[in-house]
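Every number for a ligand or one of its atoms is a count from 1 in the order of the listing. These numbers come from the heavy atoms of this one structure, side chains and all, not from hydrogens, waters or symmetry mates.
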Amino acid sequence: MDRQKVRKAVLPVAGWGTRFLPATKAMPKEMFPIIDKPVIQFIVEELLEAGIENAIFVTGRHKRPIEHHFDINTDLERHLEEAGKNEVLKNIREISHMVNPIYVRQKRQLGLGHAVLTAEPAVGQEPFIVSLGDIILEKGSDNLSKMLDIYNRYGRSVIALFEVPEEEVNKYGIVDVEETEEGVLKVKELVEKPSPDEAPSNLAIVGRYIFTPGIFEKLRKTKPGKGGEIQLTDAMKLLLEEEEIYAYQIEGKVYDTGNPLDYLKTVFEFALKREDIGAELREFIANLLSTQNQLIDRP
Ligand code: G1P
């Protein structure tokens with residue numbers, strides 16, 4: 001069947017980043033580096049791999065560095081050219097042409113659902129992706145393309161899921177599903193951040209969604225929920241009363257960058273894999289740990 005093609009992605013990036021204050025007082029958490037690449041660039045590269053070039057960033061007042069990152073910086077380019085730093089120059093130029101960006105201001109931070117609704121004028125009446133910036137999915141795992149395949153087959157919203165340990169269900173939207181065909185799940189129930197005994201499963205929403213435009217009408221009707229915020233999960237519950245919602249259990253690793261400890265774990269894992277610094281870092285960590293252990297062992 002001919003479906004309206006998914007061409008746009010919404011990236012809600014207006015949050016305060018309270019878990020990282022004071023670092024996020026003037027600096028967007030989406031610009032935190034995983035060594036030398038900001039988190040938001042990973043999210044954009046994942047979209048490009050799936051063929052999506054139109055990115056609608058829902059931003060706030062201190063998020064300007066994100067705009068600068070995806071813009072052309074002629075002064076920097078000239079400097080790199082004069083310095084003969086051709087490799088870096090090529091990389092910097094590629095980033096400036098990565099996406100067709102649209103920036104929409106979310107004037108008040110009323111929740112993730114409200115952020116998505118703020119993008120409505122830029123999305124229009126067409127299906128769209130929502131990618132959250134906290135989570136990086138392993139490169140090459142092709143999850144978004146597989147979600148787009150499901151959308152193209154069923155013409156309905158599709159969400160990405162991953163399994164979490166029982167004690168972590170209260171950090172995520174949790175979903176109950178049934179399998180409709182191999183690799184395709186159908187959503188039966190959704191709960192935003194339940195306690196372990198309220199959770200219908202341990203399948204969590206991982207921050208990648210494809211929505212039919214019908215979600216906007218539901219977002220307008222969504223009352224403040226968990227934490228007093230307008231929750232995207234609650235709008236999906238309303239959508240589920242009218243349309244099926246499908247789900248896809250992602251493949252590959254999930255890297256959380258949304259809190260200091262998981263962010264650090266992500267940085268270490270990526271750094272250890274790097275050819276230029278991985279070996280030295282491994283040695284440094286081994287030495288550091290053995291010195292610490294000696295200190296602990298000392299009577
Ligand atoms: C949001 C969503 C939640 C989802 C999570 C994924 O929560 O509300 O349903 O599971 O992202 O990262 P947040 O992490 O913004 O509190």
Side-chain angles (χ1 to χ4, degrees), residues 9-21 24 28-30 32 39-40 42-43 46 57-60 63 106 109-119 129-138 143-144 147 157-177 185 187-196 198-211 215 218-219 222-240 245 247-250 252-263 265-266:
V10 172
L11 297 93
V13 293
W16 289 114
T18 38
R19 281 175 283 197
F20 282 101
L21 280 169
T24 44
K29 67 173 192 255
E30 296 79 11
F32 282 8
V39 170
I40 192 72
F42 286 89
I43 313 297
E46 184 198 335
F57 296 88
V58 181
T59 76
K63 301 292 179 152
Q106 187 187 11
Q109 277 72 59
L110 301 180
L112 178 59
H114 178 257
V116 173
L117 185 57
T118 307
I129 291 175
V130 172
S131 290
L132 305 191
D134 283 357
I135 285 176
I136 297 174
L137 301 183
E138 190 174 0
N143 291 305
L144 268 184
M147 290 171 70
S157 300
V158 186
I159 58 176
L161 303 176
F162 76 131
E163 273 186 49
V164 295
E166 204 192 312
E167 65 276 13
E168 285 185 23
V169 289
N170 61 358
K171 285 168 54 183
Y172 299 95
I174 300 294
V175 176
D176 192 17
V177 291
L185 306 166
V187 173
K188 285 165 56 187
E189 195 192 337
L190 307 119
V191 199
E192 180 66 12
K193 304 198 175 89
S195 63
E198 290 163 339
S201 79
N202 67 339
L203 282 174
I205 304 173
V206 75
R208 301 293 184 275
Y209 315 75
I210 300 173
F211 286 116
I215 193 72
K218 304 303 171 201
L219 280 166
T222 303
K223 303 258 169 351
K226 202 100 203 176
E229 297 191 345
I230 297 172
Q231 296 289 352
L232 186 55
T233 306
D234 293 342
M236 282 163 40
K237 278 166 92 154
L238 296 180
L239 188 67
L240 191 60
I245 299 178
Y248 173 71
Q249 196 168 336
I250 60 155
K253 281 198 81 162
V254 172
Y255 300 96
D256 196 353
T257 66
N259 63 76
L261 179 62
D262 286 321
Y263 168 70
K265 287 181 186 170
T266 302

Heavy-atom donor-acceptor pair, R208 side chain to L132 backbone, under 3.5 Å: yes
Is_contact(atom 9 (O) of ligand 1), protein non-hydrogen, under 4.0 Å: yes
Crowding at CD, E166 (>12 non-hydrogen neighbours, <6.0 Å): no
Atoms in ligand 1 flagged as close to T233, the criterion being non-hydrogen separation under 4.0 Å: 9 (O)
Polar contact flag for L112 and ligand 1 (N/O pairs, less than 3.5 Å): no
Ligand 1 N/O within reach of Y209 N/O, cut-off under 3.5 Å: no
Side-chain (T266) to main-chain (D256) donor-acceptor, under 3.5 angstrom: yes
Residue selection (non-hydrogen contact nearest atom 12 (O) of ligand 1) among V175, D134, I135: I135
Under 4.0 Å to a heavy atom of L132 - the qualifying atoms of ligand 1, by number: 1 (C), 11 (O)
Backbone or side-chain N or O of K193 under 3.5 Å from ligand 1 N or O: yes
Minimum side-chain heavy-atom gap D134-K29 below 4.5 Å: yes
Min N/O separation G173 to ligand 1 under 3.5 Å: yes
